Number of protein chains: 2
Amino acid sequence: MKKINVKKGAVLQRKGDISSKVYLVESGLLRSYTIDDKGKEHIYMFGPENWLVADSCEPNTPCQLFIDALEDTIINVATKEELLKEGPDLTALLRRLDTMQNRIIMLMSSNAKKRYEHFTKTYPNIIQRVPLKMVASYLGITPEALSRIRNELSKKK
Amino acid sequence: MKKINVKKGAVLQRKGDISSKVYLVESGLLRSYTIDDKGKEHIYMFGPENWLVADSCEPNTPCQLFIDALEDTIINVATKEELLKEGPDLTALLRRLDTMQNRIIMLMSSNAKKRYEHFTKTYPNIIQRVPLKMVASYLGITPEALSRIRNELSKKK
DNA sequence: CCTATGCATTGATGTTCATCAAGAAATAAT
DNA sequence: ATTATTTCTTGATGAACATCAATGCATAGG
């Protein structure tokens, strides 16, 4: 478990890397994302303070996600082997599974507007720290679509 | 860890239940799913032989998923507390995280046709065991849309 | 055997969101 | 401060998929 400092824009991991590590964010903001075959980015997760950011690929297999820093960030880095040995935090693992389960259900059963409303409630602080197009990417829609949704929501008030 | 037998159609867990358990499938087939506010079902996961089926909610919180049996099924049941005490199978947990990560990426970056093709490759045996409308529900599309996709794919050959 | 129920398919139409293009506004760079 | 770059917005058009309705097929129960 080594503590490191990274600058905004630093890339910690690229898709295809074999030695994918686990990053515990102390301060700042990371993100993980994929790039599809049309070159389009899809944000998989934001990693603010106290979040664990990692690719879930098995040890010694190529990973799927890019990970980079959206702000100057302080992180603790560990290998998966290390974590498995010392016995990981099971409560944190369960919480992560729950987060992913919610995300899947959300993607399958809600339209863009509902997903956005849920996101603003669940991650109110993230919205102010990243450009809207990244929120759109996280929600699985285009920036244009998100712009229209916000427009519509603000009129209603 | 108690072994039990359930008949096709048996319901093991309902959305909102507090004491959600963990089910290890020995033979047969389970599924977990939600019902959205319009009454529409969304299959979250199929659970064939050797799969672990569970709601990822934290202990003593209301769960989100229904779980029932699509075939006569033999399962080992445990509470989450039990599993946490005896130290869960970390490799299996990591594999599950990987599966969910793939699912999310798939839902965000692929259209219905690609998701279907991926599904047929990844779970070839499930397709033959469940009605198509359930595959559609898992993929996040309507049975009509899946019917048209299959139609189109068969013409190409 | 006959009927009731669920399943798969097909066609017609509608909604949601993506794509393309252009311009305004904000942010960063020199 | 000025320019360059990114971000956000708005409009027009199109594609993907949903919805609604009707029909044929299979399967299960009586």
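For clarity, every value in this text was computed on a predicted model and none was experimentally measured. Every chain is numbered from 1 and lettered A, B, ... according to where its sequence line falls, protein lines coming before strand lines.
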Contacts of type ring pair (Phe, Tyr, Trp, His ring centres under 6.0 Å), residue A:Tyr123, not counting sequence neighbours =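 Listed in chain order: A:Phe119.
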May I ask you to establish whether B:Arg115 and B:Tyr138 are in a cation-pi arrangement, using a distance under 6.0 Å from NZ or CZ to the six-membered ring centre and at most 45° from the ring axis?
->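 Here B:Arg115 fails the 6.0 Å and 45° test against B:Tyr138.
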Rounded to 10 degrees, the angle between the two terminal axes of the helix from C:dC1-D:dG30 to C:dT30-D:dA1, each from five pairs =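 Rounded to the nearest 10 degrees, the bend comes out at 50°.
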Ignoring the backbone of B:Ile141, work out which of D:dA18, C:dT19, D:dC8 is nearest its side chain.
->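 Among D:dA18, C:dT19, D:dC8, the one nearest the side chain of B:Ile141 is D:dA18.
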side-chain hydrogen bond (donor to acceptor under 3.5 Å, both in side chains) pairs, two or more places apart, involving residues 6-15 of chain A |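 Every pair satisfying side-chain hydrogen bond (donor to acceptor under 3.5 Å, both in side chains) with a residue in residues 6-15 of chain A: there are none.
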At under 4.0 Å, does any side-chain N or O of A:Lys113 touch on OP1 or OP2 of C:dC17?
->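 It does not, given that no N or O in the side chain of A:Lys113 lies less than 4.0 Å from OP1 or OP2 of C:dC17.
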Closer than 4.0 Å, any side-chain N/O of B:Thr142 to the OP1 or OP2 of D:dC17?
->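 For D:dC17, neither OP1 nor OP2 has a side-chain N or O of B:Thr142 closer than 4.0 Å.
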Before accepting this row, confirm whether a basic side-chain N of the pair B:Glu41/B:Arg31 lies closer than 4.0 Å to the acidic partner's carboxylate O.
->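 A salt bridge links B:Glu41 with B:Arg31.
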Between A:Glu49 and A:Arg129, is there a salt bridge with N-O shorter than 4.0 Å?
->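 Yes, A:Arg129 and A:Glu49 are salt-bridged.
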What distance do [X] atom [atom1] and [Y] atom [atom2] have between them, rounded to the nearest 0.5 Å?
X	Y	atom1	atom2	answer
B:Met100	A:Arg96	CE	CZ	10.5 Å
A:Gln101	B:Ser56	CD	OG	4.5 Å
B:Leu94	A:Leu84	CG	CG	6.5 Å

Could you pull out every donor-acceptor pair under 3.5 Å between side chains of residues 20-28 of chain B and any protein atom, sequence neighbours left out?
residue	atom	partner	partner atom	Å
B:Ser20	OG	B:Lys80	NZ	3.1
B:Lys21	NZ	B:Ser19	O	3.4
B:Tyr23	OH	B:Leu12	O	3.4
B:Glu26	OE1	B:Lys3	NZ	3.2
B:Glu26	OE1	B:Asn76	ND2	3.0
B:Glu26	OE2	B:Lys3	NZ	3.0

No-hydrogen, no-angle side-chain donor-acceptor test under 3.5 Å, B:Gln64 and B:Asp55 |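 Note: B:Gln64 and B:Asp55 side chains miss the donor-acceptor criterion.
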To the nearest Å, give me how far apart [atom1] ([X]) and [atom2] ([N]) are.
X	N	atom1	atom2	value
A:Leu70	D:dT6	CG	C1'	15 Å
B:Glu152	C:dT10	CD	C1'	15 Å
A:Arg129	D:dT7	CZ	C1'	19 Å
B:Lys133	D:dT27	NZ	C1'	14 Å
B:Met134	C:dC7	CE	C1'	11 Å
B:Ile149	C:dA8	CD1	C1'	14 Å
A:Asn111	C:dA18	CG	P	11 Å
B:Ile127	C:dC7	CD1	P	16 Å

Pull out every residue in residues 31-39 of chain B that has a heavy atom closer than 4.0 Å to any atom of DNA chain D, ordered by number, or say none.
->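 Of all residues in residues 31-39 of chain B, none places a heavy atom under 4.0 Å from DNA chain D.
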Nucleotide-resolved protein contact map, nucleotides 9-14 of chain D, B/S/- at heavy-atom distance under 4.0 Å | SBBB--
Does A:Tyr44 have its ring centroid less than 6.0 Å away from the ring centroid of A:Tyr33?
->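 Centroid separation for A:Tyr44 and A:Tyr33: 6.0 Å or greater.
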